[in-house]
Amino acid sequence: MRIPWLVAGAVITALSSAAPAQDNTQKEIERYRQLLQEGNPADLYEARGEEIWKQKRGPKNASLEQCDLGLGPGVVKGAFAQLPRYFADTDRVQDTESRLVTCMVTLQGFKPEEAMKDPFAVPGRHSDMEALTSYIAAESKGMKLEVPIRHPKEVEAFQIGEQLFYRRAGPNDFGCVSCHSESGKRIRLQDLPRLTEPKEAQKIFTTWPAYRVSQGTVRTMQHRLYDCYWQMRHPQLDFTSETAIALMVFMAKYANGGSVEAPALKR
Amino acid sequence: MADPMRIRANMTGDKVEVKALMAHEMETGQRKDAKGNVIPAHFIQNVTVTHNGKTVLSAQWGPSISKNPFLHFRFKGGKAGEKVTITWTDNKGEKRTDEATIAGG
Amino acid sequence: MKILLTCAAAAMLLAGCAARLSDDEAQRRAEEVFRGSFTKGNQKMAAAVFQQDEVQTLCTKYRDAPPKEIADRIEKSQAATIAYPASGKLMGDWREGEKLAQDGWGMRFTDTDPKRLNGGACYNCHQLAPQELSYGTLGPSLYRFGRLRGMNETTLRYTYGKIYNPEAFNACSAMPRFGHNKVLTPEQITHLVALLLDPASPVNK
Amino acid sequence: MDATRRELLKAGSGASILALAVAAGWIKPAHAADWNKAAFDSKAFADTVKALGGGGSTESAQVRINAPDIAENGAVVPISVESGLPRTQTIAIMVEKNPTMLSASFDIPENTDAFVTTRVKMAETSKVYALVKADGKYFHAVKEIKVTIGGCGG
């Protein structure tokens with residue numbers, strides 16, 4: 001509670017109109033966002049991610065440099081702009097993080113549960129996943145998003161994502177649709193994209209992972225969705241779950257054609 | 001050991017424009033972890049920027065500088081190709097030094 | 001899954017094979033996928049979101065745009081759920097209402113304090129008191145709500161009912177059923193009613 | 001410099017000797033020596049100015065704070081301070097309603113612009129002060145920055 005008039009319990013003369021104050025709020029928030037753009041701490045995560053990518057680790061003492069992110073073993077440049085996608089070796093549609101798990105298991109010899117442990121940073125503990133994803137995303141900066149929706153499993157993932165986008169449940173009756181089906185809406189002061197509108201989807205899907213100033217770390221799309229379900233009063237979404245990947249493919253369909261600007265800087 | 005800094009030094013006119021990001025928790029000592037234990041204070045206290053052996057900026061910081069600190073300033077007397085060196089020291093005595101080459105304008 | 005398999009084989013020969021599940025099949029698969037995606041967290045919460053009630057099922061099915069007869073059915077069944085406080089007093093304390101409108105705490109998997117009451121988080125979606133600049137626009141502005149609507153028994157009952165169960169007035173509304181789903185107690189709802197309708201509330205100043 | 005310390009330095013800068021010297025209190029570690037604890041512990045503007053070496057401070061239009069009027073998140077608030085005062089030696093940034101006021105103090109050598117940008121944490125809506133020491137005297141500017149509540153109460 002930050003409003004002094006409430007604390008004091010005093011009677012306040014209301015503003016004659018709330019509109020000018022609101023215009024100024026929008027303008028100043030915009031200025032705040034712009035001032036932060038001159039230095040994005042995600043740069044630090046990209047650098048650390050690249051180091052982890054090249055480091056020999058795990059029971060097989062191997063690096064991730066031969067990991068196939070969809071464009072062939074070892075190709076990082078441009079890979080992020082085409083994820084999620086279908087991978088024949090796992091017979092699954094995978095995003096950056098689930099693919100990293102696969103590579104940590106096959107190339108480095110980690111157990112799946114080890115590779116998936118603590119994917120999200122908490123105060124005092126970094127996340128390798130957040131750093132690696134920052135590095136991989138940054139290697140597609142400026143490239144056109146072209147997530148394939150051709151393979152039957154990719155088409156299926158899109159259709160599942162579409163169903164789940166509209167699925168309402170829980171004590172607040174929330175679904176993705178509750179916040180992301182209209183243009184020009186906000187939650188508090190945060191703009192909400194209409195995810196089925198290409199222009200809006202392009203600005204959003206292409207800017208994750210992002211350094212979140214409210215959380216003091218880079219967060220990935222996996223975390224964004226986990227956070228959405230948290231806010232929707234749903235239980236903990238499993239890391240690299242099929243739900244998360246299906247929703248990503250759904251979003252990517254509308255975001256395709258946009259330019260990758262990740263990792264970005266957000267509230 | 002702490003992660004490297006990201007330092008950008010560019011000539012703008014006759015001045016060197018320095019922008020730096022440092023990887024540091026900047027823990028205030030007032031937050032609690034998930035178990036309710038206080039997370040001890042851990043923050044950068046001193047920052048020194050040198051160029052050709054001369055200090056061009058020195059700073060003392062408290063725990064209310066934001067996590068992963070950002071610093072931006074300008075100085076005269078540098079040329080493209082020369083080095084700018086930044087060193088920070090935190091309250092636990094940890095230290096990190098990185099340098100960047102000044103890029104042309 | 002026969003169609004899918006055939007299509008997968010064909011895809012190797014023909015690029016762009018449009019293997020599409022039927023809507024029913026997609027819906028069935030989506031439920032399967034959804035149930036397999038919350039395995040490590042709170043299982044009681046998981047069971048609750050897997051099982052949709054009638055309103056949630058219908059709104060999901062019609063993507064929040066139900067045909068008229070379905071909408072009428074929802075509004076009728078939901079109107080019957082509205083329970084008014086035993087005391088009969090619908091106007092609470094606007095100061096408490098303002099606190100509730102600010103507070104977004106409650107029912108997330110990290111909100112584990114059993115003694116703490118949930119908030120209403122009204123400012124997430126609505127403008128209310130003009131002093132709060134950080135408000136959402138998912139719902140309409142409620143600034144001067146009481147002044148515009150007038151303060152009478154009908155408005156009072158409508159306002160309480162709307163917060164208790166908005167589905168009774170507008171089928172597949174995006175607004176939570178605060179009373180019906182026990183997010184807020186009837187008493188808490190009367191405080192929000194006061195925030196909206198009390199002439200002394202900053203909303204009506 | 002006393003004889004013991006001179007001897008020590010002559011003996012070289014081996015790590016163990018240096019550690020011994022630190023332990024004995026002859027040499028303080030840099031982070032303790034150059035960090036003004038009293039200033040960083042101060043809770044009021046006047047006390048902070050005093051701890052930084054000033055008797056008092058005058059408000060001056062020559063000290064400029066460039067920051068947004070409203071911060072979307074209090075964890076990261078960008079603040080720039082510029083001084084138009086000749087012979088600016090120090091720029092300090094203070095947040096009135098933080099548990100301790102002083103966020104940072106910068107020493108500005110002769111060839112460095114009297115300008116600095118950093119980011120501070122703000123616990124709540126508060127006045128932010130920029131304090132400048134120029135030609136031995138203290139001047140300041142003040143600006144209120146509102147901190148807003150984010151989506152879902154976060």
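Everything quoted here is computed from the prediction, not taken from an experiment. Every chain is numbered from 1, with letters handed out A, B, ... down the list of sequences.
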Legend entry - Per-residue contact mode, Phe40(D) against chain B (heavy atom under 4.5 angstrom): side chain

Inset, instruction - Calculate, to the nearest 0.5 Å, the distance between atoms CZ and CD belonging to Phe106(D) and Gln60(B) respectively. - result: 10.5 Å

Inset, instruction - Please confirm whether the backbone N or O of Val56(B) pairs with a side-chain atom of Thr112(D), one donor and one acceptor, at under 3.5 Å? - result: yes

Inset, instruction - Mind checking the CE-OG spacing from Met94(D) to Ser64(B)? Nearest 0.5 Å is all I need. - result: 11.0 Å

Inset, instruction - Please look at Val95(D) and chain B and tell me whether the side chain, the backbone, both or neither of the residue comes under 4.5 angstrom of a heavy atom of that chain. - result: neither

Legend entry - Interatomic spacing from CH2 in Trp35(D) to CH2 in Trp61(B) - rounded to 0.5 Å: 13.5 Å

Inset, instruction - Using a heavy-atom cutoff of under 4.5 Å, enumerate the residues of residues 127-141 of chain D that contact chain B, numbered in order, or state 'none'. - result: none

Legend entry - Portion of Lys19(B) that has a non-hydrogen atom of chain D nearer than 4.5 angstrom: neither

Inset, instruction - Hey, could you give me the OG1/CG distance between Thr89(B) and Asp34(D), rounded to the nearest 0.5 Å? - result: 8.5 Å

Legend entry - Lys50(D) NZ: over 12 foreign heavy atoms closer than 6.0 Å: no

Legend entry - Evaluation steps, side-chain contact (heavy atoms from CB on, under 4.5 Å), between His72(B) and Thr118(D): CA-CA 7 Å; His72(B) 175 198; Thr118(D) 190; over 6 Å; no

Legend entry - Part of residues 25-33 of chain B lying next to chain D, heavy-atom separation under 4.5 Å: Met26(B), Thr28(B), Gln30(B)

Legend entry - Spacing of Ile65(B) atom CD1 and Leu102(D) atom CG [to the nearest 0.5 Å]: 8.5 Å

Inset, instruction - With rounding to the nearest 0.5 Å, note down the distance linking OG1 in Thr117(D) to CZ in Arg74(B). - result: 8.0 Å

Legend entry - Largest heavy-atom contact set with chain D, pairs under 4.5 Å, which of Gly62(B), Ser58(B), Ser66(B): Ser66(B)

Legend entry - Close side-chain approach of Asp107(D) to Leu57(B), heavy-atom, < 4.5 Å: no

